[in-house]
Student: 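Following this message is one structure expressed as structure tokens.
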Number of protein chains: 2
Amino acid sequence: MNLSLQIKMNEKLFLRNPEETDLGRQIILNSIVLIHKVGFELFTFKKLAEKIGTTEAGIYRYFENKHRLLVYIVSWYWSWLEYKVMVHTNNISSPEIKLKKIIEILATQVKDDVQTKHVDEQLLHEIVRMEGAKAYLTRHVTDDNKQRLFKPYKDLCTAIAVIILECNPKYKFPRSLSSTIIEMAHYQNFFMRNLPALTDFGGIKDDRKVIAFLEDLVFASLFPAKRK
Amino acid sequence: MNLSLQIKMNEKLFLRNPEETDLGRQIILNSIVLIHKVGFELFTFKKLAEKIGTTEAGIYRYFENKHRLLVYIVSWYWSWLEYKVMVHTNNISSPEIKLKKIIEILATQVKDDVQTKHVDEQLLHEIVRMEGAKAYLTRHVTDDNKQRLFKPYKDLCTAIAVIILECNPKYKFPRSLSSTIIEMAHYQNFFMRNLPALTDFGGIKDDRKVIAFLEDLVFASLFPAKRK
DNA sequence: TTTATGTGATAGTAATACTATCAAAAAAAA
DNA sequence: TTTTTTTTGATAGTATTACTATCACATAAA
């Protein structure tokens with residue numbers, strides 16, 4: 001059996017669907033490699049075109065601008081992650097163990113998945129860690145949100161919030177805790193590698209440290225001590 | 001008594017100290033207004049120059065590029081915030097009440113401070129909420145960090161971590177919890193206003209909701225229930 | 001075999017992100 | 001007070017970015 005994972009993307013994200021043509025898939029594949037290499041600020045369609053062996057105009061036929069392309073690949077990542085979370089948790093009955101598994105998935109370095117051919121998930125994970133927030137930290141968040149560009153992120157957040165409520169139906173902030181876990185899984189990892197004074201994981205650079213912190217945070221919140 | 005707050009900035013941040021000249025202070029003042037208005041992406045030195053009534057070249061004499069200027073004003077904000085935290089907590093003996101006060105300061109909409117004339121702290125707070133992360137989410141974090149550009153942020157983080165340890169000397173992740181509080185005070189607020197599905201505060205838009213969430217998160221972590 | 005679709009090649013434009021030069025004005029030093 | 005230094009304003013110029021437009025060719029679908 002040779003299943004391949006197909007993620008249906010929001011049509012507002014592109015002008016022409018990149019998954020349907022060879023050039024389109026090259027754009028996705030190489031934009032991930034290039035953004036990973038030079039960072040989003042220095043990433044341009046011209047450089048991408050040169051890398052692929054096409055022209056700038058060719059890329060503009062697929063994406064309106066580089067921000068849309070970023071939102072596209074970041075959204076793809078969130079969708080893929082939600083799928084991955086589903087696969088790895090749907091046979092687990094205990095919501096607490098589910099949540100631990102999710103934290104592990106969020107905070108662990110991805111090994112490249114074989115299921116998709118034109119996306120390098122490991123690079124993509126590293127991109128999302130550094131550039132992910134730039135997808136929504138803009139003046140046009142509200143417009144972008146109205147076009148449902150952030151639906152995959154919100155869906156993942158909701159899915160985790162549901163499990164949080166399974167752990168403790170009385171917990172008051174399931175969504176905020178969920179978005180906190182997602183963001184911090186990336187940020188603490190970024191801090192650990194780049195601004196270690198902002199973490200307690202010194203020069204260690206071990207994903208498990210971040211996982212330990214997040215587990216402590218989440219389960220302390222979900223099963224609090226009785227206080228006056 | 002007419003005290004004015006003077007924050008000593010890292011000299012690597014600028015080419016010429018903007019606090020020492022009239023034009024320099026105009027640059028700081030107006031860059032805050034302009035970045036707040038158009039967002040960092042669309043902010044250019046040309047627009048800033050036109051607003052001030054000087055030339056592009058004039059601004060380049062003070063700042064190497066717009067990213068450095070962003071780091072400058074964001075750093076100023078963190079220094080100012082640490083000072084504010086200090087002032088509002090040094091007469092409090094209970095570390096728990098201190099921590100609550102800090103959370104309140106971090107998550108509450110700033111009213112413009114009278115202490116500084118050439119900075120609008122309220123606008124600056126809103127800028128940091130949306131653009132703050134862009135100061136360090138770059139390919140050159142490591143270099144910037146070596147030049148100590150992020151010291152004010154790290155100092156604030158450390159100051160809060162110290163108080164966290166006063167609350168519970170055995171808590172294992174004081175710095176990570178501290179950076180989590182700082183980041184989430186901004187992010188949950190940003191989400192509440194722009195992507196409310198990522199929070200539990202629907203259309204309410206009340207800072208106190210974010211404060212309640214953060215307090216719950218922090219104190220549950222610091223005073224956990226005993227679990228197997 | 002016509003027609004539609006996708007691509008490559010080329011050209012062009014307005015704006016961005018700078019750097020360089022020069023002279024006038026203002027401030028500091030002699 | 002005069003000289004010297006510092007700061008600013010004005011102008012010019014360059015490479016790159018972020019696009020848009022056009023045309024012809026190749027290929028695939030009708």
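Just so it is clear: chains get the letters A, B, ... in the order the sequence lines come, proteins before strands, and each one is counted from 1.
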Student: Can you tell which of C/dT7, D/dT8, D/dT20 lies closest to the side chain of A/Ala57?
Tutor: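 The listed nucleotide nearest to A/Ala57's side chain is D/dT20.
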
Student: Could you check whether any side-chain heavy atom of B/Glu121 comes within less than 4.5 Å of a side-chain heavy atom of B/His125, counting everything from C-beta outward?
Tutor: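 No; the side chains remain at least 4.5 Å from each other.
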
Student: Looking only at side chains, do B/Tyr72 and B/Ser31 share a donor and an acceptor under 3.5 Å apart?
Tutor: no

Student: Can you tell me how far C1' of D/dG9 sits from OH of B/Tyr60, to the nearest Å?
Tutor: 17 Å

Student: Closest to the A/Glu56 side chain: C/dT10, D/dA18, D/dT8?
Tutor: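 Comparing C/dT10, D/dA18, D/dT8 against the side chain of A/Glu56, the answer is D/dA18.
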
Student: Provide, to the nearest angstrom, the distance between the CD atom belonging to B/Glu20 and the C1' atom belonging to C/dA27.
Tutor: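 Checked: the CD to C1' distance equals 14 Å.
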
Student: So do A/His88 and A/Glu104 actually touch side chain to side chain, heavy atoms under 4.5 Å?
Tutor: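 When only atoms from C-beta onward are counted, A/His88 and A/Glu104 do not touch, as no gap falls below 4.5 Å.
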
Student: Is any side-chain heavy atom of A/Glu56 closer than 4.5 Å to a side-chain heavy atom of A/Thr44?
Tutor: no

Student: Are B/Glu11 and B/Arg148 side-chain neighbours, meaning at least one heavy-atom pair lies under 4.5 Å?
Tutor: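 The answer is no, as the side chains (C-beta and beyond) never meet within the 4.5 Å cut-off.
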
Student: Would you kindly give the CD1-to-P distance between B/Ile59 and C/dA20, to the nearest whole Å?
Tutor: 18 Å

Student: Considering only side-chain heavy atoms of B/Thr55, which listed nucleotide, C/dC22, C/dA17, D/dT11, is closest?
Tutor: D/dT11

Student: If you check every side-chain atom of A/Thr21, which of D/dT8, C/dG6, D/dA10 has the closest atom?
Tutor: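 Looking only at side-chain atoms, A/Thr21 lies closest to C/dG6.
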
Student: Evaluate the criterion side chain to side chain contact (heavy atoms under 4.5 Å, CB included) for residue pair B/Trp78 and B/Ile182; output intermediate values, then yes/no.
Tutor: CA-CA 10 Å; B/Trp78 294 122; B/Ile182 298 171; 3.5 Å; yes

Student: Give the residues of residues 38-50 of chain A touching DNA chain D, defined as any heavy atom closer than 4.0 Å, sorted by residue number.
Tutor: A/Thr44, A/Lys47

Student: If I take atom CD in residue B/Gln26 and atom C1' in nucleotide D/dT7, what distance separates them, rounded to the nearest angstrom?
Tutor: 15 Å

Student: For B/Gln188 and A/Thr180: C-alpha separation, side-chain torsions, deciding distance, then whether side chain to side chain contact (heavy atoms under 4.5 Å, CB included) applies.
Tutor: CA-CA 8 Å; B/Gln188 290 295 319; A/Thr180 299; 3.3 Å; yes

Student: Quick one: A/Asn65 CG to C/dT16 P, roughly how many Å, whole number?
Tutor: 15 Å

Student: Stem finding on DNA chain C, please: runs of three or more consecutive Watson-Crick or G-U wobble pairs, both distances under 3.5 Å, sorted by first number.
Tutor: C:1-30 with D:1-30

Student: Using a heavy-atom cut-off of under 4.0 Å over every strand shown, decide if A/Arg16 touches base, sugar-phosphate, or nothing.
Tutor: sugar-phosphate

Student: Among the nucleotides D/dA18, D/dT8, C/dG8, which one has an atom lying closest to any side-chain atom of B/Tyr62?
Tutor: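 Among the listed nucleotides, the one closest to the side chain of B/Tyr62 is D/dT8.
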
Student: Between atom CG in A/Leu15 and atom C1' in C/dT5, what is the gap in whole Å?
Tutor: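 Nearest whole value for this atom pair: 16 Å.
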
Student: Does the ring centre of B/Tyr136 sit less than 6.0 Å away from the ring centre of A/Phe191?
Tutor: yes

Student: Considering only heavy atoms from C-beta outward, does the side chain of A/Ile35 approach that of A/Lys66 to under 4.5 Å?
Tutor: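 The answer is no; the side chains never approach within 4.5 Å.
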
Student: Measure the distance from CG on A/Asn17 to P on C/dT5 and round it to the nearest whole Å.
Tutor: 16 Å

Student: Quick one: B/Phe63 CZ to C/dT19 C1', roughly how many Å, whole number?
Tutor: 19 Å

